[in-house]
Q: 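Questions regarding the structure given below will be posed in turn.
Counting starts at 1 for both ligands and their atoms, following the listed order.
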Amino acid sequence: MTLRFIPPGQTLGVMGGGQLGRMFVHAAQQMGYATAVLDPDAASPAGLVAHHHVQADYLDATGLAHLGAVSAAVTTEFENVPAAALRTLAAMRPVAPSGDAVAVCQDRAAEKAHFGRCNVPCAPFVLIETRDQLEAVDAALLPGILKTARLGYDGKGQVRVADRAALAAAWDALKQVPCVLEQMLPLAYEVSVIVARGADGASVHFPLQQNLHRDGILAVTRVPSPDVTPDVQQQAIAHAGRIAATLGYVGVLCVEFFVLKDGRLVANEMAPRPHNSGHYTLDACDQSQFDLQVRTLAGAPLAAPRLHSPAVMLNLLGDLWFRDGAAEAEPDWAAVLALPGVHLHLYGKASARPGRKMGHLTVTAATAEFANAVALQAAEHLGLAAW
Ligand code: ATP
Ligand code: MG
């Protein structure tokens, strides 16, 4: 179904009840929409704050019918929502992004093929689905990273491999599912670009942000990017715009890039939804990535967002709850809240686990230097390594 302007007062639905869904719900509610979340977990972060929580599996026909019945339009908050579920919903209601667009982002091989169609360079790679393909791998791709084609996130489903023996062992460890082997690239730094594209084809973007990963998980995002050149910034924004337009994409899309030591820009992957690296937009921009997700879903006009403050975002993983040995203890929030320009976001998850995204903290300031200095102090209070 095509998207027409949905006025506030109606209900916007979202597949998935994680933190991204929760922040979408908050943004929708601020604009006067009611909200509905489909998630199997009774205590999902978004389900806890939405008007309707449909507690069902993502492919449950009754649950999907219920979500479709109460929602004027439906979006998604995670890329591994079965594309079939989005297609089922699309028979009842406008769905953005489409199941077809999400399906491209779900599969690293399809994603890289799409980058190729858009003339966007990515890491040299090969698809591995059979033992023969594994054995025929070009030596130039090693050392490399073997990644499952589907269902990877936060560095899960990937193994760094130095040589053929390690590659064969890694593929066995990944249960011989379809994988891509990517050449290990010499990264200078990493950036991402978030674009929002409406059903009418109009698109806007945030400034590019610089991301630091630790153990495959985003740890720190800084904006403006301290290292990027105007040329790389322009290229990345043009690439992301082309990637969205060529997909006929409607919604918020994030494209992650590597900047190599020789200055080249290479696309890594994309996410068909708001992204962890864009959480700073809640506090540092006049519209957040979630506000723009609401606008694209409601068929509302898109206005270009403006960064009004330099910002540094720190991810708060469950590890912070286990600093002093075994016992789970709440981090010292009072110490970080005493610092200027600190915005604490916790996602309402009942229990902390190492590696689990519990919340994030954004520091805004008049200058990038001051934001960074305060963020370093916050990190020290919390026991996070400096950058
Ligand atoms: P997420 O979904 O959380 O972004 P992911 O599990 O999908 O992560 P990737 O983005 O593919 O994983 O990789 C995670 C990190 O590993 C990258 O941000 C980068 O730091 C490193 N990495 C991935 N691929 C390469 C590569 N080809 N060369 C060098 N480093 C890489
Ligand atoms: Mg990634």
Q: If you measure from each non-hydrogen atom of Leu187 to ligand 1, which part falls under 4.0 Å: side chain, backbone, both or neither?
A: side chain
Q: Would you indicate which of Arg108, Arg160, Glu190 comes nearest to atom 16 (O) of ligand 1 when only heavy atoms are counted?
A: Arg160
Q: Report whether Leu212 and Val223 are members of the same hydrophobic cluster (ILVMFWY, side-chain heavy atoms less than 4.5 Å apart, transitive linking).
A: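 Leu212 does not cluster with Val223.
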Q: Can an N or O of Phe258 be found at a distance shorter than 3.5 Å from an N or O of ligand 1?
A: no
Q: Between Leu314 and Trp387, is any pair of side-chain heavy atoms under 4.5 Å apart?
A: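 Leu314 vs Trp387: side chains touch.
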Q: Considering the heavy atoms of Asn268, write down every atom of ligand 1 situated less than 4.0 Å from one of them.
A: 9 (P), 10 (O), 11 (O)
Q: Relative to the heavy atoms of His213, which atoms of ligand 1 are at a distance of less than 4.0 Å?
A: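 Answer, ordered by atom number: 18 (O).
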Q: Dump the intermediate steps for side chain to side chain contact (heavy atoms under 4.5 Å, CB included) on Gln133 and Val126, then the final yes or no.
A: CA-CA 9 Å; Gln133 286 169 329; Val126 66; over 6 Å; no
Q: Give the atom numbers and elements of ligand 1 that come within less than 4.0 Å of a heavy atom of Glu256.
A: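 Matching atoms, with element in brackets: 4 (O), 10 (O).
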Q: Pick whichever of Gln183, Glu269, Glu182, Arg214 has a heavy atom sitting closest to atom 4 (O) of ligand 1.
A: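 Nearest option to atom 4 (O) of ligand 1, by heavy atoms: Glu269.
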Q: List in chain and number order the residues that pass side-chain hydrogen bond (donor to acceptor under 3.5 Å, both in side chains) with Tyr347, two or more places apart in sequence or in another chain; answer none if no residue qualifies.
A: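 Checked Tyr347 against side-chain hydrogen bond (donor to acceptor under 3.5 Å, both in side chains); matches are His360.
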Q: Look only at the side chain of Gln377 and the backbone of Leu339, and say whether a donor-acceptor pair between them is shorter than 3.5 Å.
A: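 Flag not set: sc Gln377 to bb Leu339 has no pair under 3.5 Å.
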Q: What are the atoms of ligand 1, with element, lying closer than 4.0 Å to any heavy atom of Met184?
A: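 Listed by number with element: 28 (N), 29 (C).
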Q: For atom 31 (C) of ligand 1, tell me which residue out of Leu218, Ile145, Asn211 has the closest non-hydrogen atom.
A: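 Ranked by closest heavy atom to atom 31 (C) of ligand 1, first place is Ile145.
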Q: Can you tell me if Arg264 has over 12 outside heavy atoms packed within less than 6.0 Å of its CZ?
A: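 At most 12 heavy atoms, drawn from other residues, nucleotides or ligands, come within 6.0 Å of this atom.
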Q: Hey, can you pull the donor-acceptor pairs under 3.5 Å for the side chains in residues 103-122, sequence neighbours left out?
A:
residue: Gln106; atom: NE2; partner: Glu79; partner atom: O; Å: 2.7
residue: Gln106; atom: NE2; partner: Val81; partner atom: O; Å: 2.5
residue: Asp107; atom: OD1; partner: Ala109; partner atom: N; Å: 2.8
residue: Asp107; atom: OD1; partner: Ala110; partner atom: N; Å: 3.2
residue: Arg108; atom: NE; partner: Thr148; partner atom: O; Å: 3.3
residue: Arg108; atom: NH1; partner: Glu269; partner atom: OE1; Å: 3.2
residue: Glu111; atom: OE2; partner: Met270; partner atom: N; Å: 3.1
residue: Lys112; atom: NZ; partner: Glu182; partner atom: OE2; Å: 2.9
residue: His114; atom: ND1; partner: Arg117; partner atom: NH2; Å: 3.3
residue: His114; atom: NE2; partner: Ile243; partner atom: O; Å: 3.0

